[in-house]
There are 2 protein chains.
Amino acid sequence: MNDNRGNLLEEIRQRLETLNKSERKVATVIMRDPNSAIRLTITALAQEAGVSEPTVNRFCRGFDERGYPDFKLRLAQSLAGGMPYVTRNVEFDDSTEEYTDKIFSSTIAAIDSARKTLRPPVITRAVDYLSQAKQIFFFGMGASGPVALDAQHKFFRLNIPVMAYEDALMQRMVAAGAHTGDVIVIISYTGRTRELVEIAGIGRESGATVIGITTEHSPLAKECTLLLSVPSQEDTDIYMPMTSRLIQLTMLDVLATGVTLRRGVDFQRYLKRIKDSLAPTRFANE
Amino acid sequence: MNDNRGNLLEEIRQRLETLNKSERKVATVIMRDPNSAIRLTITALAQEAGVSEPTVNRFCRGFDERGYPDFKLRLAQSLAGGMPYVTRNVEFDDSTEEYTDKIFSSTIAAIDSARKTLRPPVITRAVDYLSQAKQIFFFGMGASGPVALDAQHKFFRLNIPVMAYEDALMQRMVAAGAHTGDVIVIISYTGRTRELVEIAGIGRESGATVIGITTEHSPLAKECTLLLSVPSQEDTDIYMPMTSRLIQLTMLDVLATGVTLRRGVDFQRYLKRIKDSLAPTRFANE
DNA sequence: ATAATGTATGTCAAATAACTACAAAAAGGC
DNA sequence: GCCTTTTTGTAGTTATTTGACATACATTAT
């Protein structure tokens with residue numbers, strides 16, 4: 001819906017040869033300092049270019065715009081600083097400002113790229129399973145442990161029996177004792193932890209639905225009923241998992257939201273009640 | 001020269017609470033469909049919002065703009081790049097694709113806005129404290145509990161004695177028993193949990209350095225030696241904390257990275273050794 | 001060479017949009 | 001409940017854009 005015709009500035013440059021004398025004057029003025037051009041009125045721009053106002057207007061229409069204001073709007077968009085959410089690695093001589101910015105940028109870039117690889121039908125299926133689950137278990141080890149706990153926290157509010165386990169032995173026992181209708185969500189960045197791969201198999205044998213939040217094509221992914229794939233972040237997480245956790249967490253936010261929506265509008269009142277129950281533990285708001 | 005003040009849409013959303021009735025109407029109309037809003041005249045927008053034209057004009061000036069046209073220009077720039085980093089709230093009739101996209105977008109927008117409010121000198125000081133700490137404790141309750149655990153995980157790798165506590169009584173005891181040179185990091189979204197505010201005070205009395213990762217001007221913030229402020233996300237987290245955790249986590253990534261850098265280049269070898277220690281627990285990489 | 005035609009550009013007026021000053025209404029404090 | 005302050009709207013003013021039309025210039029045909 002967004003009329004994202006290419007960069008306007010680029011288009012002007014390309015068509016420069018095609019334009020007639022006066023229109024070329026207008027183009028030149030705009031290209032010389034586009035950032036100022038967007039703040040000029042048609043009168044000012046016309047004067048600047050030494051042409052008449054209607055000429056500017058005609059020039060604008062030549063670029064498939066309704067008139068000068070629309071043209072300016074599109075020009076402004078072309079100029080808007082593209083987002084520099086690039087993944088750059090932290091260097092050992094970075095200043096505080098530099099590494100802070102790099103980490104934030106990489107994080108944003110990672111989440112953005114995760115968003116692009118998402119497949120809504122898969123999420124819908126995951127939400128189907130979760131909202132019909134008799135019980136939900138979240139398994140995560142190491143850095144994914146806290147993610148599992150966070151998920152427990154979130155799903156608990158949804159009035160579903162839910163537990164998180166970080167311990168491999170507990171996970172194994174729970175998986176072995178699971179029933180049809182139970183859902184086990186296994187969170188693992190690498191998808192290669194032997195223990196978890198085995199546990200996934202055990203869970204499935206017990207009849208549980210096993211949802212994996214992990215890397216595509218990994219051994220764990222193959223053992224799961226349903227895979228929510230997290231793109232692997234090549235460079236960033238060399239020595240510590242950073243962005244991967246955040247993507248997993250966001251994914252779980254999406255799932256929790258999906259389940260909430262299935263509950264219907266009335267459920268919001270229940271959520272509010274849970275939230276309000278915390279009020280006495282807090283200082284009043286302002 | 002390009003006045004790239006932050007994403008305007010985001011700013012509107014943040015300041016939504018601050019606005020008065022009529023101005024909020026205007027904000028709502030703009031946020032509902034920003035892409036159309038930029039094509040409206042002040043008259044049309046006023047009518048759409050059910051307010052008078054001067055109200056719209058005043059609204060624009062409230063955002064440090066000279067008037068409506070300039071406001072529109074900046075709005076257009078915020079929308080550019082086809083990438084709507086707009087925070088739109090999830091509606092009850094959203095499709096999977098819609099709510100997924102909204103959550104990812106809000107998350108990205110929130111982290112981006114957090115990035116902009118960061119003050120590098122404060123981070124430097126936090127890293128100073130942390131890298132010289134005899135011991136580090138991370139305290140978090142409720143949704144911030146998993147964040148504290150994640151931090152423990154991360155700082156453990158940095159070869160620092162570190163513990164995370166979710167339990168208020170343990171926190172209280174640890175705070176009371178802390179010494180000068182110990183650092184207590186308290187993570188709280190609201191900054192209003194009575195228990196934690198008290199604990200912060202106790203920790204400081206014991207001589208520990210108390211770093212708060214919480215909302216500015218909150219009771220907790222006032223009790224801390226150093227405040228790392230997390231911008232509060234009014235709308236998004238109504239019924240569940242979502243973006244706040246992610247910002248806290250990213251903040252902790254930054255701190256952990258800062259401490260790592262202080263350790264010097266050799267330290268990387270140590271980190272690699274820790275990472276490699278996990279290899280036997282995993283299936284080989286391809 | 002000149003008339004005829006078409007294109008390019010400008011002038012001016014009408015319409016539209018944005019802003020200002022002021023007045024009315026609503027909200028808040030005493 | 002009255003006064004003060006804040007919020008919102010009305011009406012008039014100014015600025016901006018656009019459209020209709022006219023003129024100038026170039027091109028081609030006679």
Side-chain angles (χ1 to χ4, degrees), chain A residues 3 8 11-12 15-31 33-79 284-286, chain B residues 3 8 11-12 14-31 33-79:
Chain A
D3 50 346
L8 182 53
E11 198 183 333
I12 296 174
R15 285 176 47 181
L16 198 63
E17 303 302 320
T18 335
L19 300 172
N20 47 43
K21 220 172 354 168
S22 306
E23 297 194 332
R24 201 170 308 171
K25 281 190 217 161
V26 177
T28 311
V29 171
I30 291 172
M31 294 211 292
D33 187 357
N35 273 301
S36 316
I38 57 173
R39 327 216 132 244
L40 298 176
T41 67
I42 194 170
T43 317
L45 181 57
Q47 189 163 33
E48 193 80 13
V51 300
S52 72
E53 288 153 38
T55 300
V56 177
N57 193 272
R58 282 186 284 259
F59 170 83
C60 297
R61 290 216 226 274
F63 288 88
D64 281 336
E65 290 299 340
R66 268 180 41 208
Y68 182 68
D70 278 325
F71 177 88
K72 248 183 12 179
L73 224 49
R74 193 165 139 221
L75 185 61
Q77 297 208 332
S78 299
L79 256 46
N285 201 330
E286 319 299 68
Chain B
D3 51 347
L8 183 54
E11 198 183 333
I12 296 174
Q14 276 178 4
R15 287 178 45 182
L16 199 64
E17 303 299 321
T18 333
L19 300 173
N20 47 39
K21 219 169 359 159
S22 303
E23 297 193 334
R24 200 170 309 170
K25 281 190 214 162
V26 178
T28 310
V29 171
I30 292 172
M31 295 213 290
D33 189 355
N35 273 300
S36 316
I38 56 173
R39 331 215 129 245
L40 297 176
T41 67
I42 193 170
T43 318
L45 180 57
Q47 188 163 33
E48 192 81 12
V51 301
S52 69
E53 288 157 40
T55 300
V56 176
N57 192 270
R58 282 187 285 258
F59 171 82
C60 297
R61 297 209 186 173
F63 288 87
D64 280 335
E65 289 298 338
R66 269 179 42 208
Y68 183 70
D70 279 325
F71 177 88
K72 247 179 19 174
L73 223 50
R74 191 163 142 225
L75 186 62
Q77 297 210 337
S78 296
L79 256 45

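All chains are named by letter (A, B, ...) in the order of the sequence lines, taking the proteins before the strands, and each is independently numbered beginning at 1. It should be emphasised that the depicted structure is a prediction, and the values quoted were computed from it without experimental measurement.
Rounded to an integer number of Å, the gap from CG of B:Leu19 to C1' of D:dT8 is 15 Å. Atom CD in B:Gln47 sits about 19 Å away from atom P in D:dT8, given to the nearest Å. If you measure from atom CZ of B:Arg24 to atom C1' of D:dT7, you get 13 Å, rounded to the nearest angstrom. Taking atom CD of B:Glu23 as the reference point, atom P of D:dT6 lies 14 Å away to the nearest angstrom. Separating the CD atom of A:Glu65 from the P atom of D:dT17 is a distance of 14 Å, rounded to the nearest angstrom.
Qualifying ring-ring contact (aromatic ring centres under 6.0 Å, His included) partners for A:Phe59, counting only residues two or more places apart in sequence or in other chains: A:Phe63, A:Phe71. Under the salt bridge (charged side-chain N to carboxylate O under 4.0 Å, His left out) criterion, A:Arg15 pairs with A:Glu11, sequence neighbours left out. Partners of B:Asn20 according to the side chain to side chain contact (heavy atoms under 4.5 Å, CB included) rule, which considers only residues two or more places apart in sequence or in another chain, are B:Glu23.
The side chain of B:Asn20 contributes no N or O atom lying less than 4.0 Å from OP1 or OP2 of D:dT6. Of the side-chain N and O atoms in B:Ser52, none sit less than 4.0 angstrom from OP1 or OP2 of D:dT8. Distances shorter than 4.0 Å separate none of the side-chain N or O atoms of A:Thr55 from OP1 or OP2 on C:dT9. At D:dT8, none of the side-chain N or O atoms of B:Lys25 fall inside 4.0 Å of OP1 or OP2 (strictly under the cut-off).
Of all non-hydrogen atoms in B:Arg24 and B:Leu16, the two that sit nearest each other are NE-O, 3.2 Å.
Remark: the backbone N or O of B:Ala76 is paired with a side-chain donor or acceptor of A:Gln77 at under 3.5 angstrom.
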Pairwise N/O distances under 3.5 Å, protein to nucleotides 18-24 of chain C:
{"from": "C:dA18", "atom 1": "OP2", "to": "B:Ile42", "atom 2": "N", "distance (Å)": "2.4"}
{"from": "C:dC19", "atom 1": "OP1", "to": "B:Tyr68", "atom 2": "N", "distance (Å)": "3.4"}
{"from": "C:dC19", "atom 1": "OP2", "to": "B:Asn57", "atom 2": "ND2", "distance (Å)": "2.3"}
{"from": "C:dC19", "atom 1": "OP2", "to": "B:Tyr68", "atom 2": "N", "distance (Å)": "3.1"}
{"from": "C:dC19", "atom 1": "O5'", "to": "B:Asn57", "atom 2": "ND2", "distance (Å)": "3.3"}
{"from": "C:dT20", "atom 1": "OP2", "to": "B:Arg61", "atom 2": "NH1", "distance (Å)": "3.0"}
{"from": "C:dT20", "atom 1": "OP2", "to": "B:Arg61", "atom 2": "NH2", "distance (Å)": "2.3"}

Tell me which donor-acceptor pairs under 3.5 Å the side chains of residues 48-56 of chain B have, and how far apart each pair is, sequence neighbours excluded?
{"from": "B:Ser52", "atom 1": "OG", "to": "B:Thr55", "atom 2": "OG1", "distance (Å)": "3.1"}

